[in-house]
Amino acid sequence: VQLQASGGGLVQAGGSLRLSCVASGRTFTRYGMGWFRQAPGKEREFVAAISWSGGSTYYRDSVKGRFTISRDNAKNTVYLQMNSLKPEDTAVYYCAAAGALIATTEGDFGSWGQGTLVTVSS
């Protein structure tokens, strides 16, 4: 499956952004989807994941209550709504597709988008 992420940009602390990731090439509903991020000089880390149906979601602790992952299977799209953004959320955000109906471990994700940069100014 091919993934195309978009929606990044520059926002002030406390602001919001919505990332989108459109999938093509394979049946979208076969895949659990996830968002990861990589800040400058740091390793890539898990942010959020959603099951194939959208019925189950998972988040890293630091974004719980601020970020919401969702998907629209009719549009082959997964979203990450990010509210109350903080400077420490600054990173390149990647969407990924897992070869399973749900996954949260980076190694379980076999397809990756190109990344979209989110910069949060203080």
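All values below come from the heavy atoms of this structure, side chains included, with hydrogens, waters and symmetry mates left out. This is a predicted model, so every value here is computed, not measured.
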Enquirer: Taking the side chain as every heavy atom from C-beta outward, state whether Glu45 and Arg37 have any atom pair closer than 4.5 Å.
Expert: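 Yes, side chains in contact.
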
Enquirer: Report yes if the side chains of Val78 and Trp35 come closer than 4.5 Å at any heavy-atom pair, otherwise no.
Expert: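 Heavy-atom side-chain distance check passes, below 4.5 Å.
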
Enquirer: Determine whether a donor-acceptor pair (N or O, by modelled atom type, separation under 3.5 Å) exists between the side chain of Tyr59 and the backbone of Ile69.
Expert: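 The answer is yes, because a donor-acceptor pair under 3.5 Å joins these two groups.
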
Enquirer: Distance-only, no hydrogens or angles: does the Arg44 side chain make a donor-acceptor pair with backbone N or O of Val92 under 3.5 Å?
Expert: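 Pair absent, no side-chain N/O of Arg44 close to backbone of Val92.
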
Enquirer: Would you give the length of the straight line joining atom OH of Tyr31 to atom CG of Leu101, rounded to the nearest 0.5 angstrom?
Expert: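 Atom-to-atom, Tyr31:OH and Leu101:CG are 11.0 Å apart.
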
Enquirer: Establish whether Phe36 and Leu117 are linked, either directly or via other cluster members, by ILVMFWY side-chain heavy-atom contacts under 4.5 Å.
Expert: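 Yes, because Phe36 and Leu117 connect within a single hydrophobic cluster, where side-chain heavy atoms sit under 4.5 Å apart.
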
Enquirer: Flag the pair Asp89 and Lys86 as a salt bridge only when some basic side-chain nitrogen lies within less than 4.0 angstrom of an acidic carboxylate oxygen.
Expert: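 No, this pair does not count.
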
Enquirer: Please name the pair of heavy atoms, one in Arg60 and one in Phe46, separated by the smallest distance, quoted to 0.1 Å.
Expert: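 So the two residues come closest at NH1-O, 2.7 Å.
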
Enquirer: For the backbone of Val120 and the side chain of Thr90, can you confirm whether one donor and one acceptor N or O come within less than 3.5 Å of each other?
Expert: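 Yes; at least one donor-acceptor contact below 3.5 Å.
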
Enquirer: Applying the 4.5 Å side-chain criterion to the ILVMFWY set and letting contacts propagate, would Tyr58 and Leu80 be lumped into a single cluster?
Expert: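 In one cluster: no.
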
Enquirer: In Å, rounded to the nearest 0.5 Å, how long is the span from SG of Cys95 to CZ of Arg71?
Expert: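 One gets 11.5 Å once the value is rounded to the nearest 0.5 Å.
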
Enquirer: With rounding to the nearest 0.5 angstrom, report the OG to CG distance, Ser111 to Leu3.
Expert: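 Taking OG in Ser111 and CG in Leu3, the distance rounds to 6.0 Å.
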
Enquirer: So do the side chains of Val1 and Phe28 get within less than 4.5 Å of each other, counting heavy atoms only?
Expert: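 No, side chains not in contact.
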
Enquirer: Got a second to check how far Ile50's CD1 is from Tyr79's OH, nearest 0.5 Å?
Expert: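 These two atoms lie 11.0 Å from each other.
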
Enquirer: May I ask you to test the Glu106-Trp112 pair for a side-chain heavy-atom distance under 4.5 Å?
Expert: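 Of all side-chain heavy-atom pairs linking Trp112 with Glu106, at least one is under 4.5 Å.
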
Enquirer: Which atom names give the shortest non-hydrogen contact between Ala103 and Asp108, and what distance separates them?
Expert: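 Shortest heavy-atom separation between Ala103 and Asp108 comes out as CB-CB, 3.7 Å.
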
Enquirer: Please give me the minimum heavy-atom distance between Gln114 and Tyr94, naming the atom from each residue.
Expert: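 That would be O-CE2, 3.7 Å.
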
Enquirer: Just by distance, do the side chain of Asn83 and the backbone of Thr68 share a donor-acceptor pair under 3.5 Å?
Expert: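 Absent.
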
Enquirer: Testing the basics here: between Ser121 and Leu10, what is the closest heavy-atom pair and its distance to 0.1 Å?
Expert: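 Looking at all heavy atoms of both residues, the shortest contact is CB-CD1, 4.4 Å.
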
Enquirer: I need the Met33 CE to Ile102 CD1 distance, nearest 0.5 Å.
Expert: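 One gets 11.0 Å once the value is rounded to the nearest 0.5 Å.
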
Enquirer: Would you give the length of the straight line joining atom CG of Leu19 to atom CZ of Phe67, rounded to the nearest 0.5 angstrom?
Expert: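 Between Leu19 CG and Phe67 CZ, I get 8.0 Å after rounding to 0.5 Å.
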
